[in-house]
Amino acid sequence: MKLGVALLQALKDRGAGEVFGIPGDFALPFFRCIEESGVLPLFTFSHEPSVGFAADAAVRLRGGLGVAAVTYGAGALNLVNPVAQAYAEKTPLVVISGAPGRGEVASGLLLHHQAKALDSQMRVFREITCDQGVLDDPATAPEIIARVLRSCAEYARPVYLELPRDQVDAPVGPVPLLPPSPFDPEAVAACAEEILARLAAAQRPVLLPGVEVRRLGLESPVAELARRLGVPVATTFLGRGLMVDQETPRLGTYLGLAGEAGVREAVEGADLVLMLGIITSDTNFGVSGRRLAPGATVHALDREVRVGHHVYRDLPLPALVEALLDRAGARPAPAVPAPRELPGDLVEDDAPVAPEDIVRGLNDRFRASGPLPVAADMGDCLFSALDLRETDLVAPGYYASMGFGVPAGLGMQAATGRRPIVLVGDGAFQMTGWELGHARRHGLDPIVVLFNNRAWGMLEAFQPGGRFNELEDWHYADLAGPLGGDGYRIRTRAELGRALRRAWETRGRFQLLDVHLEAGAVSPALRRFVSAVQRLTQAPAAC
Ligand code: S1T
């Protein structure tokens with residue numbers, strides 16, 4: 001088999017469903033291989049950051065592996081930010097970069113697209129990936145592919161493969177299917193027994209599932225574990241939307257001082273917090289004057305389990321969850337408060353639109369026609385999403401890069417066929433909103449709700465008064481037609497209600513709702529978040 005085809009087949013066999021990419025001369029042979037082999041469908045976009053965001057979001061919603069294929073230098077280095085985000089937020093993304101062939105390297109000339117040294121790009125990607133390989137030798141390429149793709153799946157983090165253009169058609173042997181990385185079953189058993197002993201002694205335990213639970217396909221067994229152990233479950237800022245389809249004793253989303261008091265009390269007042277696959281980020285745990293005491297926590301992430309003050313290493317989460325389920329007896333279901341009332345019943349009058357009206361309108365649609373998966377960009381749109389009826393939510397809740405929203409929505413629909421809602425601010429839309437121009441060609445029709453406050457509003461909320469936060473109104477709705485979609489310029493709540501119904505009914509063309517928000521209007525969630533952060537930055541942290 002040719003190396004390019006062997007790589008595509010290995011990706012498909014390990015859960016990749018498509019390739020997102022932008023070619024260049026160093027990648028042309030691989031893109032021809034993608035197209036001619038037909039092993040995986042190809043979705044191209046206009047700018048590499050969008051390629052990375054789309055591949056990332058595709059995995060977050062579907063699972064498996066995401067694939068971003070780019071050219072050397074100018075292409076790959078444009079991918080650094082989305083790959084850094086995928087690393088931080090744990091997404092198994094495979095970066096495949098074209099590269100110069102042997103003859104070019106041997107010329108000794110500085111090659112176009114080369115930054116500093118020929119391996120400078122590899123060094124950059126070593127910082128933001130968990131494994132890397134150069135496929136410049138047909139004899140070793142199959143083994144390298146197998147190892148790197150296993151690391152990607154097991155650590156649920158990005159990896160990097162460099163494919164010189166003269167190697168794409170090189171004949172290679174089959175890509176071996178490696179056994180899982182070794183771990184010690186006795187250590188797993190000991191860890192599970194220790195956790196269950198601590199749970200038995202706990203009066204107020206709580207379980208916090210994190211994104212690694214989804215990335216490793218563990219939502220159903222972890223839900224079963226919560227039911228079996230009779231432990232209430234809370235999600236976090238980054239983990240909102242996890243286990244939405246699972247029956248669990250659900251508390252809600254923990255947001256510290258910016259969230260519901262009942263959930264905060266349950267988490268911060270717990271005498272044992274079981275954190276499975278949780279990223280201990282400031283966005284997840286920083287909005288609180290109280291830190292979770294290490295003695296009262298069990299934290300499993302990245303094949304390590306910290307129990308109190310000691311650590312089990314090389315202990316994969318799937319094995320731990322299985323060991324806990326094997327040993328867990330049945331405990332009575334805990335009392336959890338009724339889920340909070342979510343905003344709804346949009347008043348369709350001539351009043352201007354506030355962010356919470358968008359949430360009401362969407363919740364009304366979800367109630368009427370069933371929830372759709374949501375991609376949210378960074379900005380007030382993400383905080384507004386916290387008040388949406390729980391559905392699959394894909395958003396950069398920790399690394400928090402703007403520009404994620406629109407490409408993420410396109411990537412989610414390309415990967416699953418499910419029509420997404422995209423929530424995006426005007427600032428972020430100015431970065432990657434143009435990718436909507438590819439929707440028609442790829443058969444995608446997201447519903448995009450643009451929070452048009454003519455500002456970098458979230459920054460303005462944190463530090464009022466800067467003229468530098470102001471943005472022009474680019475009349476986004478007028479741009480939809482030429483890009484192959486329908487645009488709605490919305491100034492009142494009545495127009496919002498009508499446009500949402502119309503957008504839901506209209507298929508085959510993306511729908512862009514350009515919602516004019518009153519200047520300075522922010523969502524209740526962002527208001528709470530800003531005041532909590534301001535309170536905290538004034539008060540010293542307490543353990
Ligand atoms: N550049 C990139 C790529 N990502 C970022 N997160 C930032 C800059 C910083 C930043 C924010 S929030 C924000 C910026 C510029 C403003 C977002 O504006 P917009 O999309 O219009 O949404 P809204 O008006 O709702 O805020 C975070 C804090 O880092």
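Residues: numbered from 1 along the sequence shown. Just follow the structure's listing: the first ligand is 1, and inside any ligand the first atom is 1.
Listed by number with element, the atoms of ligand 1 under 4.0 angstrom from any heavy atom of N453 are 23 (P), 24 (O), 25 (O). Close approach of ligand 1 to D380 is summarised as follows: ligand atoms under 4.0 Å from at least one heavy atom of the residue are 23 (P), 25 (O), 26 (O). Near S401, with a cut-off below 4.0 Å to any heavy atom, the atoms of ligand 1 are 3 (C), 4 (N). Residue G457 has at least one heavy-atom neighbour below 4.0 Å for each of these atoms of ligand 1: 23 (P), 24 (O), 26 (O). For ligand 1, the atoms closer than 4.0 angstrom to any heavy atom of G427 are 19 (P), 20 (O), 21 (O).
Taking the centre and axis of the six-membered ring of F366, the NZ or CZ atom of R389 falls outside the cone set by 45° and 6.0 Å.
Side-chain contact of E260 with Y254: a donor-acceptor pair under 3.5 Å is absent, judged by distance alone.
Here L459 has side-chain heavy atoms under 4.0 Å from ligand 1, and that is the only part of it that gets that close.
Residue-to-ligand polar distances place D426 within reach of ligand 1: an N/O pair is separated by less than 3.5 Å. At a 3.5 angstrom cut-off on N or O pairs, G379 does not count as close to ligand 1. At a 3.5 angstrom cut-off on N or O pairs, L471 does not count as close to ligand 1.
When hydrogens are left out, the protein atom nearest atom 9 (C) of ligand 1 is M402 SD, 4.3 Å; that is the closest non-hydrogen contact. Summary of contacts: the protein heavy atom closest to atom 20 (O) of ligand 1 is A428 N, 2.9 Å. The nearest heavy-atom contact from the protein to atom 28 (C) of ligand 1 is M458 CE, 3.8 Å. Nearest protein heavy-atom neighbour of atom 27 (C) of ligand 1: M378 CG, 4.2 Å. Scanning all protein heavy atoms for the shortest distance to atom 18 (O) of ligand 1 gives W456 CD1, 3.3 Å.
In this structure, F383 has its ring center at least 6.0 angstrom away from the ring center of F451.
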> Stepwise, does the ring-ring contact (aromatic ring centres under 6.0 Å, His included) test hold for F45 with H438?
Replying inline: CA-CA 7 Å; F45 289 116; H438 297 282; 5.7 Å; yes
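Ligand 1 lies within reach of A400, whose nearest heavy atom is under 4.0 Å from it.
No salt bridge links R454 with D473; every basic N to acidic carboxylate O contact stays at or beyond 4.0 Å.
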